[in-house]
Amino acid sequence: MPSTFFGLNTAYLGLTAANASINTTGNNISNVNTEGYSRQHTVQQASEALRTFTSYGCAGAGVDVLAIERYRNEYYDVKYWENNSNVGEYSVKQYYMKQIEDYFKDEGLEPGELKGFNTLFDEMYKALADVRKDSGTDDPRRAFLGTAESLTEYFNTMAGNLQKLQKDANSEIKVCTERINALAKEIVVLNKQINVIEISGGTANELRDQRALLIDELSEIVDVDTEEQLVTDPHNPGRYTGATRFIVKIAGKQTLVDDQISNSLSCVARERDEKVNQSDADGLYDVYWSNGNRFSLKNASLGGRMKALAELRDGNNGEYFHGSVTQADIRRTEDGEKHSIVTVEVTAEYLKDINKCTLPDNGGKITLGSKEYYFDSWTMNYDADKGTYSYDFVLSTKPKNENTDIGGLIGKDAAIGSGVEYQGVPYYMEQMNEWARCYARAFNAIMTKPGSTDNYGNPGQNLFRADKVTDDEQWNFDTYADGYTSYGNRELDGTFSYSLSCRDDSYYKMTAFNIAVSDEMLQDPNKMATHTSNADLESKYDIVDELIDLKTNTDKMSFRGSSASGFLQCILSDIALNAQRANNFGKNYEDIGKSIETQRLSVHGVDEDEEGVNLIKYRHAYNLACKMVQTLTEVYDRLILQTGV
């Protein structure tokens, strides 16, 4: 049966419940502008009723405040993280594609900006037309050579700009990696603090908000997946301990945080002999887990800023070296020494054209089967009788080449790098290299055709050459090492077998970085051939005529189905498509993100009007509880003091 003061206790419980609700409302109002804060509320429950052993059964015993919990919808959190990963990816692509667009643009240039390809190419052919009008004097030739040099400088500058962009993306990958590590450590600390509070019966609302905010930031960098498991007593599986195990996985379910343990990432710069592409910047990073396992930047589930940066840095439009091992043995090379040589047969069309070759020229790493091997050099072979293309890789004898056993490799897959289905910096580098090689070879073939002569009566020389890195000399593309078929400026049309080494004086040595005009011709324009020895008076500038025709004649030089002058149009079409895609998807995901965030805020956001209403409601409840106490005080006063004997 209830005691005499039963009603006072009931009123007191109502008073404390109302007070807790007022304090919670005040906390919500205080944090109305706090980022990541989730609106809180008191969870109340009627106290256990007392048996009165009377006709009406039980008597209500007041109210209990069970907890102060936050409003949060996990579904909207997951949707937000998934979308935020896409927002992070396309915001990066928008930024970098805008830069690439600016590099290649050829109109609306500000004073002092580099002229575009079309402008420089047209100026060169205008100067070449002046040479045709008066090729007997130095001035027109000198002017033409100056415009040709400007064109080569354009390619040199563009290659430098793109490589700088690649370095920027590479540096950002390191920054993102370091931030992932920092976020993982912060999440681990919060996991510990949350469990300390909640094991003792509390609810760590603010700490959980902070953890969710960290996941928000992490989701922009990389794809995120979270899981929270209840921890039970191992001796009594049915008893919940109050603790939780919070797990964070990234990039396709790779564990970053497992409750109070975090796995860190580290960036390791590639050595000079570990390049994947010929025109790659030095020191590009590979990312590894702390246990030594590789963290793949080409993972389709990578997501976020990391995915965009990796695609921009390594994107090759899916074109990479791959084939099948057909021979692996010990052979003598040009130096007379015996080396382990592996022959890889290729079938992809782009691997059959040396002008499209992107293999590194200072050695690299090749994956044969499931193992990695270092190689020092390579040779491309074409067998006209069989119609097959293959590459011989001379494996390195350096100590760091841990894999030296080549037995059992025949039939195994071989690859250098991997395909990245995005048109990133390596793709645009390859496109510039290909155009430079094709155009230079076609141009030089005309200038060195049989019977060509300069003003001194000497045979014509190559105008376009390639600067060597190690000295002031140039690759001339005239001769090849002994034992190799010399094809000069002829097309490799498949009518004869040939072999080309990465160390030969071939057009493979020419890239957008080093394409240049002959130093000899710049010093003496009279060494530029303008005609052949058998040209008559009416066609005394026959070489110049052919060079002018090269600009638009696809039979003499074709680039992606277009003439030489269509280079910029082809490149800009790729850039415009990628930029438009980045802009469209970026805007779409931003709009979706705003919609999801609105839905999230409708659940856990603080609404000032709603909290104002709650404040009035709980104030009334508090006042009523106070009146109940006051009423009972008067009852007890009459009962005890005024009726007592």
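For the numbers below, each heavy atom of this structure counts, side chains included, while hydrogens, waters and symmetry mates do not.
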Asks: Side chains of F375 and S396: does their closest heavy-atom pair fall under 4.5 Å?
Replies: no

Asks: When you look at Y350 and F321, which way does the side chain to side chain contact (heavy atoms under 4.5 Å, CB included) test go after all the steps?
Replies: CA-CA 9 Å; Y350 58 85; F321 182 87; over 6 Å; no

Asks: If you count the non-hydrogen atoms of other residues, nucleotides and ligands that lie under 6.0 Å from CG in D472, is the total more than 12?
Replies: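 Result for CG/D472: open.
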
Asks: Does Y90 have its ring centroid less than 6.0 Å away from the ring centroid of Y589?
Replies: yes

Asks: How many angstroms lie between atom CG of L522 and atom CG of L145, to the nearest 0.5 angstrom?
Replies: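 L522 CG to L145 CG: 5.5 Å, rounded to 0.5 Å.
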
Asks: Taking R313 as the fixed residue, which of D168, D280, N170 is the one that meets the side chain to side chain donor-acceptor pair (under 3.5 Å) rule?
Replies: N170

Asks: With side chain to side chain contact (heavy atoms under 4.5 Å, CB included) as the criterion, how do L547 and F443 come out once you've worked through the C-alpha distance, each side chain's angles and the decisive distance to 0.1 Å?
Replies: CA-CA 7 Å; L547 293 176; F443 195 99; 3.7 Å; yes

Asks: What pairs with N317 under side-chain contact (heavy atoms from CB on, under 4.5 Å), at least two apart in sequence or on another chain?
Replies: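 N317 satisfies side-chain contact (heavy atoms from CB on, under 4.5 Å) with Q423, Y427 only.
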
Asks: Salt bridge or not between D524 and R141? Use side-chain N to carboxylate O under 4.0 Å.
Replies: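 Not counted as a salt bridge, because no side-chain N and carboxylate O are separated by less than 4.0 Å.
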
Asks: Using a 3.5 Å distance criterion without hydrogens, assess whether the side chain of T367 forms a donor-acceptor pair with backbone atoms of E372.
Replies: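 It does not hold such a pair.
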
Asks: Between K352 and E349, is there a salt bridge with N-O shorter than 4.0 Å?
Replies: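 Result for this pair is yes, salt bridge flagged.
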
Asks: Does the pair S85 and D223 meet the rule for a side chain to side chain donor-acceptor pair (under 3.5 Å), with working shown?
Replies: CA-CA 6 Å; S85 179; D223 177 69; 4.6 Å; no

Asks: Is atom CD of Q569 surrounded by more than 12 heavy atoms (other residues, nucleotides or ligands) closer than 6.0 Å?
Replies: no

Asks: If only atom types and distance count, is the side chain of E274 paired as donor or acceptor with the main-chain N or O of E271 below 3.5 Å?
Replies: yes

Asks: Looking at every heavy atom in both S562 and C570, which two are closest together, and how far apart are they?
Replies: OG-SG, 3.7 Å

Asks: Judged by atom type as modelled, is there a donor-acceptor pair below 3.5 Å linking the side chain of S171 to the main-chain atoms of K167?
Replies: yes

Asks: I'd like to know if the side chain of S558 and the backbone of T554 have a donor-acceptor N/O pair within less than 3.5 Å.
Replies: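 Judged by distance alone, no pair lies under 3.5 Å.
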
Asks: When you measure from the side chain of R437 to the backbone of N355, do you find a donor-acceptor pair of N or O atoms at a distance under 3.5 Å?
Replies: yes

Asks: Identify the heavy atoms of Q163 and S279 that sit nearest to each other, and give their distance.
Replies: NE2-O, 3.4 Å

Asks: Evaluate the salt bridge (charged side-chain N to carboxylate O under 4.0 Å, His left out) criterion for residues K275 and D282: first the C-alpha distance (whole Å), next the side-chain angles of each, then the deciding distance (0.1 Å), finally the verdict.
Replies: CA-CA 8 Å; K275 284 187 175 183; D282 293 332; 3.1 Å; yes

Asks: How about D392 and T343: does a side-chain donor come under 3.5 Å of a side-chain acceptor?
Replies: yes

Asks: Check whether any side-chain N or O of T152 sits under 3.5 Å from a backbone N or O of A516 as a donor-acceptor pair, and report yes or no.
Replies: no

Asks: Do Y95 and Q99 have side-chain heavy atoms sitting under 4.5 Å apart?
Replies: yes

Asks: Determine, for F585 and R581, whether the Lys NZ or Arg CZ falls below 6.0 Å from the six-membered ring centre while staying within 45 degrees of the axis.
Replies: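 Yes, R581 lies over the aromatic ring of F585.
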
Asks: Should the heavy atoms of other residues, nucleotides or ligands under 6.0 Å from NZ of K412 be counted, would the total exceed 12?
Replies: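 Count not over threshold, so no.
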
Asks: Y498 vs Y389 aromatic rings, parallel, tilted or perpendicular, using cut-offs 30° and 60°?
Replies: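 Answer is perpendicular, since the angle exceeds 60°.
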
Asks: Report the distance from atom CG of L297 to atom SG of C267, rounding to the nearest 0.5 Å.
Replies: 8.0 Å

Asks: Could you tell me if Y96 and E172 have a donor-acceptor pair between their side chains, going purely by distance under 3.5 Å?
Replies: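 Result is yes, a qualifying pair exists.
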
Asks: How far apart are the closest heavy atoms of V276 and P360, and which atoms are they?
Replies: O-CD, 3.6 Å

Asks: Is a side-chain donor or acceptor of D505 paired with a backbone partner of W475 at a separation under 3.5 angstrom?
Replies: no

Asks: Could you note down all residue pairs passing ring pair (Phe, Tyr, Trp, His ring centres under 6.0 Å) where residues 295-318 supplies at least one of them, sequence neighbours left out?
Replies: W289-F295

Asks: Carefully, step by step, assess F155 and F567 under the rule ring-ring contact (aromatic ring centres under 6.0 Å, His included).
Replies: CA-CA 12 Å; F155 277 90; F567 165 76; 5.5 Å; yes

Asks: Looking at N462 and M521, what are the two nearest heavy atoms and their distance?
Replies: O-CE, 3.7 Å

Asks: Compare all side-chain heavy atoms of L312 with those of V92 and state whether any distance is below 4.5 angstrom.
Replies: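 SC-SC contact between L312 and V92 confirmed.
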
Asks: Given the rule in the side chain to side chain contact (heavy atoms under 4.5 Å, CB included) test, do L572 and I575 qualify, once you have shown the distances and angles that lead to the verdict?
Replies: CA-CA 5 Å; L572 284 180; I575 297 172; 4.3 Å; yes

Asks: Look up atom CG in L265 and atom OG1 in T177, then write down how far apart they are to the nearest 0.5 Å.
Replies: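 Those atoms lie 6.0 Å apart.
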
Asks: To the nearest 0.5 Å, what is the distance between CD1 on I446 and CG on L463?
Replies: 11.5 Å

Asks: Side chains of M380 and I354: closer than 4.5 Å at any heavy-atom pair?
Replies: yes

Asks: Parallel, tilted or perpendicular: which describes the rings of Y439 and F121, with under 30° parallel and over 60° perpendicular?
Replies: perpendicular

Asks: Is D574 salt-bridged to R560, going by a charged N under 4.0 Å from an acidic O?
Replies: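 Yes, this pair counts.
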
Asks: Which pair of heavy atoms, one from A564 and one from F117, lies closest together, and at what distance?
Replies: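 Distance-wise, the nearest heavy atoms are O-CZ, 3.9 Å.
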
Asks: Using atom types as modelled and distance alone, determine if a side-chain donor or acceptor of Q254 lies under 3.5 Å from a backbone N or O of A251.
Replies: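 Answer holds: yes.
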
Asks: Less than 6.0 angstrom from the centroid, inside 45 degrees of the normal: does K174 satisfy that with respect to the ring of Y285?
Replies: yes

Asks: Quick one: does any side-chain atom of K115 pair with a main-chain N or O of Y154 as donor and acceptor, under 3.5 Å?
Replies: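 Absent.
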
Asks: Are any side-chain N or O atoms of D106 and backbone N or O atoms of G116, one a donor and one an acceptor, separated by less than 3.5 Å?
Replies: yes

Asks: Check salt bridge (charged side-chain N to carboxylate O under 4.0 Å, His left out) between K468 and all other residues, then give those that pass, not counting sequence neighbours.
Replies: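 With sequence neighbours excluded, K468 shows a salt bridge (charged side-chain N to carboxylate O under 4.0 Å, His left out) to E473, given in chain and number order.
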
Asks: Output the distance between atom CG (N433) and atom OG1 (T511), rounded to the nearest 0.5 Å.
Replies: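 It comes to 5.0 Å.
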
Asks: Would you indicate whether the side-chain heavy atoms of L395 and Y374 approach each other to under 4.5 Å?
Replies: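 No, too far: nothing below the 4.5 Å cut-off.
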
Asks: Quick one: do K98 and D102 make a salt bridge, cutoff under 4.0 Å?
Replies: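 Judged by the 4.0 Å cut-off on N to carboxylate O distance, K98 and D102 do form a salt bridge.
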
Asks: Taking the side chain as every heavy atom from C-beta outward, state whether V346 and Y391 have any pair of such atoms under 4.5 Å apart.
Replies: yes

Asks: Indicate yes or no: does D329 engage R331 in a salt bridge with an N to O separation below 4.0 Å.
Replies: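 Result for this pair is yes, salt bridge flagged.
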
Asks: Is any NZ, NE, NH1 or NH2 atom of the basic residue among K356 and E319 found under 4.0 Å from an Asp or Glu carboxylate oxygen of the other?
Replies: no

Asks: With a 4.5 Å limit on heavy-atom distance, are the side chains of I410 and T326 in contact?
Replies: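 A side-chain contact is absent here, since even the closest heavy-atom pair is not under 4.5 Å.
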
Asks: Check A127 against T147 and note the closest heavy-atom contact, atom names and distance.
Replies: CB-OG1, 3.8 Å

Asks: Compare all side-chain heavy atoms of L256 with those of L218 and state whether any distance is below 4.5 angstrom.
Replies: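 Yes, side chains in contact.
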
Asks: Side chain to side chain contact (heavy atoms under 4.5 Å, CB included) between R441 and F464: does it pass, once the steps are laid out?
Replies: CA-CA 8 Å; R441 189 185 65 220; F464 288 108; over 6 Å; no

